[in-house]
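The analysis underlying the following values was restricted to heavy atoms, covering all of them including side chains, and did not include hydrogens, waters or symmetry mates. Just so we're on the same page: letters track the sequence lines, and every chain starts at 1.
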Amino acid sequence: MKIDSNGSEYRDIWVLAELVGDDIHRVTFELLGVARNLASKLSKVKNREEEVVCVVLGSGLSEESRKRLFAGYADKLIIVDDEALRVFNDNIHAAVVSRLVRKYRPEVLISGATSRGRSVMPRVAVEVETGLTADCTGLDIDEDSGLLLQTRPAYGGNIIATIKCENYRPQMSTVRPGVFKLPEADFSRTGVVVQEELTEEEKVSRLRVLEEQTIEDATVNLSDAKIIVTGGRGVKGPDGFKVIEEFARAIGGAVGASRAAVDSGWISYAHQVGQTGQTVQPKIYIACGVSGQIQHLVGMQSSDFIIAINKDSEAPIMKLADVAIVGDLFEVIPEIVKLVRRDDELKKAV
Amino acid sequence: MKIVVCIKQVPATTEVSIDPETKRLVREGVEIMMNPFDTYALEEGLLLREAHGGEVIAISMGPKRTEATLREALACGADRAILLNDRVLGGSDTFATSYALSRAIAKIGNVDLVITGKQAVDGDTAQVGPGIAAHLGWPQAAYVSRVIESDSKHLVLERMHETGYDVCSLELPGVITVLKDINSPRVPTLKGRLASRKASINIWNASAISADLTKIGLNGSPTRVVATRSPDARDKHTIILDGSPEESARELVKILKQRIKL
Ligand SMILES: Cc1cc2nc3c(=O)[nH]c(=O)nc-3n(C[C@H](O)[C@H](O)[C@H](O)COP(=O)(O)OP(=O)(O)OC[C@H]3O[C@@H](n4cnc5c(N)ncnc54)[C@H](O)[C@@H]3O)c2cc1C
Ligand SMILES: Nc1ncnc2c1ncn2[C@@H]1O[C@H](COP(=O)(O)O)[C@@H](O)[C@H]1O
């Protein structure tokens, strides 16, 4: 909504929670930590108390989950509990969030830049007429204006932009999971619960979720993984990916793939990293038999630490890597797996 | 089925620069291409037209030279193409872009389905598709990896998320955003290429789509890029391990242990 004067009727930092089944996605807690920080800064600039509000849409939120959200620094929970919210429906979720935004007027609204967050937030932004900054990796409050400073990579991470939304409220962003530290939980904290109902009108949707297929395998979930082991054309075939998978399981990572490997049919698209796959930012990225063409690099170059295993010491990935192992992946990986399995300390850590 | 496919022209490289004055992308002298995800959007439109009849309309918003990308869409088999082109549309963010595109879709009239790519590889936002749906008040399904069933009234589709898939039914008119997994785009035929050269592309300006001027262009955009910079340089020092597999493995495990503890 466009603001005319100073927009002082807008207050508080809202976090849209993400539920996975009955559990809360880790990114929600990362965001509550960020929100806490933003709220303190904003309180100083505005000279009034700004709260962290967590909006939870779902069905049957447990007492335990509520406690965890307060412990994770929410001051207030707005809970909409309805069977119609059990599955993720962009249209219903957006309609409810938009109504709550109009009613309570938050200053800031953030969610995880997950596939769900990135589906529902653009709808909300348009419904309430405001801006939305996608996939942020940094959020701060401007000490003079109190405006939200949103930092995000664009052009495959080759440019970092800072974006403001000065004249519209709320200021909205989606935030990349895994970028912000999980704050230490404080179970002595408590807070207020506000219960909101879903209207009959909001329950009607022309999108219906008929069936949910969850893949329990942790080697598939690239966006939540701290370690990703990626195989490229050098892996040679579907059997080669067993070596990659074994490596990933040994160190508690997920399995990535280059487009060349996916297009050859060796592994499914859900694993593809890069321009036409997923953008990932794990703590450790291990590229095995990947040459490192620009379209692959743009999807992983923001990883904290990059390891490459390649026969060709001149491959572009070797220049980007923090550790470049020159060698045959079929000889090196089994050695690594052997050592990792023997190492109790490492086994415990992963 | 009347299908609109939204196509964006993007730089063919990620080595781009931003004008320090305007904070906008320097587009002069940069090689361009059709946004990769949009090639899958177009193909899905063509497949649905082949199955159900109707037409595929390719639409883009951008400078005059975007015509070249729309011609590519025509060469692949789109029935017609529309370019939204007006100085006042310049500097649009995703709110304003999706608004302008939604106005054009409303003007086309009787559209059953809008298909967009999952995201543009330059801005990387993935917001325009859902934004169009919201402006039109239509339902949406994002990250679609498969259309399982389709008729003139609805689609049954699979959409992908981090830990699996949802099977959904979408009543039309609606909007979907698609992933690479959904199909394998065709290459244009020679005949298609020749025909596309001669085809005329409709150029619509802001008044043609009856756009509210407060919702388009730089002034109608809620977000503003206030600063840009290059990413922090990576620590350029690369540790090279080129000994025997056993030696390299031992070194690496040492390094891994340090990193995992961090
Ligand atoms: C529009 C567009 C979008 C694209 N999107 C993506 C994307 O999203 N993701 C992506 O990855 N690519 C993408 N690409 C493709 C990209 O340009 C490259 O073609 C692709 O990344 C190459 O994959 P690769 O590194 O596995 O294969 P190659 O380039 O063939 O490299 C294989 C590497 O393995 C090494 N090797 C071989 N055998 C061994 C062995 N036994 N041990 C160790 N090393 C070995 C070789 O030395 C070589 O460096 C895209 C391209 C285009 C045009
Ligand atoms: N200027 C534009 N003209 C036409 N379609 C666009 C434009 N910008 C974005 N799109 C469509 O919206 C999708 C998502 O783009 P984005 O939200 O910019 O990442 C693209 O894949 C296109 O299908």
* Using non-hydrogen atoms and a 4.5 Å limit, figure out which bit of A/Thr151 sits close to chain B: side chain, backbone, both or neither. => side chain

* Asked: Can you check side-chain contact (heavy atoms from CB on, under 4.5 Å) on B/Thr238 and A/Met318, steps first, answer last?
  -> CA-CA 8 Å; B/Thr238 300; A/Met318 301 295 255; over 6 Å; no

* Pick one of side chain, backbone, both or neither for B/Arg250, based on which atoms fall under 4.5 Å of a heavy atom in chain A. => both

* **Residues B/Lys180, A/Arg259; criterion side-chain contact (heavy atoms from CB on, under 4.5 Å); working and verdict** => CA-CA 10 Å; B/Lys180 167 187 164 243; A/Arg259 175 173 180 169; 3.7 Å; yes

* Asked: Do B/Glu162 and A/Asn221 have side-chain atoms, one donor and one acceptor, less than 3.5 Å apart?
  -> no

* Which bit of B/Glu251 comes within less than 4.5 Å of chain A, counting heavy atoms only: side chain, backbone, both or neither? -> neither

* Structure fact -> Honestly, the part of B/His161 sitting under 4.5 Å from a heavy atom of chain A is both

* **Heavy atoms from other residues, nucleotides or ligands near CZ of A/Arg206 exceed 12 (cutoff 6.0 Å)** => yes

* Can you see which heavy atom on B/Gln140 is nearest to which on A/Ser119, and at what distance? => NE2-O, 3.0 Å

* **Residue A/Asp217 versus chain B: region with a heavy atom under 4.5 Å** => neither

* Which atoms of A/Ile307 approach chain B - backbone, side chain, both or neither, heavy atom under 4.5 Å -> side chain

* Asked: How long is the gap from CD on B/Glu246 to CD on A/Glu335, to the nearest 0.5 Å?
  -> 4.5 Å

* Structure fact -> If one checks every heavy atom of B/Tyr40 against chain A at 4.5 Å, the contacting part turns out to be side chain

* To do: For A/Asn91 and B/Pro139, work out which heavy atoms get closest and say how close.
  => OD1-CA, 3.1 Å

* To do: With a 4.5 Å cut-off on heavy-atom pairs, point out which of B/Ala96, B/Ser248, B/Gly131, B/Ser184 contacts chain A the most.
  => B/Gly131

* Asked: Of the backbone (N, CA, C, O) and the side chain (C-beta and beyond), which part of B/Leu252 lies under 4.5 Å from a heavy atom of chain A, both, or neither?
  -> side chain

* To do: Sort B/Tyr143 into side chain, backbone, both or neither according to what part of it lies under 4.5 angstrom from a heavy atom of chain A.
  => side chain

* Contacting moiety of A/Lys338, where chain B heavy atoms sit under 4.5 Å -> neither

* **Note, A/Ile215 side chain near B/Tyr165 side chain (heavy atom, < 4.5 Å)** => yes

* Regarding A/Arg118 and B/Gln127, is there a side-chain donor-to-acceptor distance under 3.5 Å anywhere? -> no

* **Pairwise distance CD(B/Glu247) to CD1(A/Ile325) - rounded to 0.5 angstrom** => 12.0 Å

* Structure fact -> Of B/Val225, B/Val226, B/Thr228, the one forming a side-chain contact (heavy atoms from CB on, under 4.5 Å) with A/Thr162 is B/Val226

* Contacting moiety of B/Leu172, where chain A heavy atoms sit under 4.5 Å -> backbone

* **Atom group of B/Thr177 that falls short of 4.5 Å from chain A, counting heavy atoms** => neither

* To do: Under 4.5 Å heavy-atom distance to chain B, tell me which part of A/Val262 shows up: side chain, backbone, both or neither.
  => side chain

* If you look at every heavy atom in B/Arg159 and A/Phe88, which pair is closest and at what distance? -> NH2-O, 2.6 Å

* Structure fact -> Greatest number of non-hydrogen atom pairs under 4.5 angstrom with chain B, of A/Ile284, A/Thr174, A/Val87, A/Val120, falls to A/Ile284

* Structure fact -> All heavy atoms of B/Ala142 vs all of A/Asp90, minimum pair found to be N-OD2, 4.3 Å

* How about B/Met160 and A/Ser115: do any of their side-chain heavy atoms sit closer than 4.5 Å? -> no

* Among the listed options A/Thr130, A/Ile309, A/Asn167, the residue most often paired with chain B at heavy-atom distances under 4.5 Å -> A/Thr130

* To do: Sort B/Val156 into side chain, backbone, both or neither according to what part of it lies under 4.5 angstrom from a heavy atom of chain A.
  => side chain

* **Toward chain B, the part of A/Gln295 with a non-hydrogen atom under 4.5 Å** => neither

* Side-chain contact, heavy-atom cut-off 4.5 Å: A/Leu132 with B/Asp93? -> no

* Please flag which part of B/Ile255 lies under 4.5 Å from any non-hydrogen atom of chain A: side chain, backbone, both or neither. => side chain

* Hey, what do you get for CG (B/Asp181) to CD (A/Gln272), rounding to the nearest 0.5 Å? -> 8.5 Å

